[in-house]
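Note sheet for the following structure.
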Amino acid sequence: MTVKPFASAADLTEKSEQLEVLADGVYALTAEGDPNVGAVEGEEFLVCIEARATPVAARRWLDRLREHTDKPVRHLVLTHYHAVRVLGASAFDAENVIAHDRTRFLVGERGSQDWASEYGRMPRLFEEPASIPGLTWPTLTFDRSLTIPLGGDRGDLVLTHVGRGHTEGDLVAWLPRERVLFAGDLVEAQAALYTGDAFHREWSSTTLDAVDAIGAATLIGGRGTVALGETAVRAAVAQTRRFLTVLLDQVGGVRSRGGTLREAFAASHAALAPDFAGWPIFEHCLPFDVARCWEELDGVERPTIWTAERDREVWAQLQG
Ligand SMILES: [Zn+2]
């Protein structure tokens with residue numbers, strides 16, 4: 001049996017990036033399954049959404065954005081604490097770095113370990129890692145919801161925590177006027193899910209119900225293409241839910257008949273592969289997903305912290 005290369009460590013091919021103008025002053029940059037970023041123009045300022053893994057990677061995105069607008073970045077919104085989305089924050093010179101209360105807590109609790117873990121899993125995303133000045137600390141946080149008035153006749157950008165899901169501190173960013181939703185990693189349009197820090201049962205039920213109820217006409221997920229139109233948005237949410245419910249069913253089934261973690265991985269892989277194996281990061285994520293789903297069903301309330309060492313152990317146990 002051949003050993004699969006660890007996580008995305010062997011994925012060294014540069015992805016092509018696509019800047020899409022989704023409405024007047026509403027931007028998304030997608031990159032063939034690499035983490036998406038976005039921006040929203042206020043009358044006199046910019047709100048940027050997600051920061052990428054390093055300041056150098058963030059600056060490449062800002063260079064693209066500067067072809068459309070030269071407004072200063074007032075707010076940088078982070079949908080959750082994961083390193084590949086936050087460690088480039090210093091490049092934005094934002095007045096405020098906004099996140100959910102629990103995201104700030106998680107940065108303190110496990111930010112360093114997560115940085116080492118994600119660097120090992122996805123080295124290509126860490127362009128010039130020495131440019132990272134340190135952990136990214138949110139400067140403005142909230143529990144339920146925070147509204148950013150955009151000025152002029154641009155309406156509001158509404159940040160909401162709709163429940164635990166991909167992490168315990170996810171937020172979504174919603175433009176009611178344009179019906180555009182930046183969903184972070186709570187929804188993936190055409191990419192596999194990472195659930196290693198997730199709350200599968202809550203995410204697959206009430207949290208995705210809440211995302212669905214928003215009624216977006218355009219959705220930018222954490223990775224993958226932009227979902228354009230209500231049908232595509234519904235499909236992206238449904239696909240995300242299906243991944244979670246299949247994982248819960250398979251891992252739960254193996255557990256209830258007294259099986260092993262390795263058997264749960266094999267069963268989940270077999271059940272998910274027909275729909276998801278062709279999508280980015282499927283093989284990379286699945287061992288971590290199954291390990292977390294297993295411990296959640298074991299009654300472990302909060303995800304065990306991933307370290308570079310634990311990553312390799314679980315990989316060797318399940319993908320080795
Ligand atoms: Zn994430």
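Just so you know, ligand 1 is whichever comes first in the structure, and atom 1 is the first atom listed for that ligand. This chain uses plain numbering: 1 for the first residue, then up along the sequence.
- Partner of Asp34 under the salt bridge (Lys or Arg N to Asp or Glu O under 4.0 Å) criterion, out of Arg124, Lys15, Arg52, Arg85: Arg124 alone.
- The angle that His80 NE2 and His166 NE2 make at the Zn ion (ligand 1), rounded to 10°, works out to 100°.
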Could you walk me through whether Arg102 and Asp143 pass the salt bridge (charged side-chain N to carboxylate O under 4.0 Å, His left out) test, one step at a time? CA-CA 8 Å; Arg102 293 304 287 177; Asp143 178 21; over 6 Å; no
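- Closest to the Zn ion (ligand 1) among the N, O or S atoms of Asp185 is OD2.
- Between Leu247 atom CG and Phe265 atom CZ the span is 10.5 Å, to the nearest 0.5 Å.
- When distances from the Zn ion (ligand 1) to the N, O or S atoms of His82 are compared, ND1 comes out shortest.
- Remark: Arg302 is not positioned above the aromatic ring of Phe199, lacking an NZ or CZ atom under 6.0 angstrom from the ring centre and at most 45 degrees off the axis.
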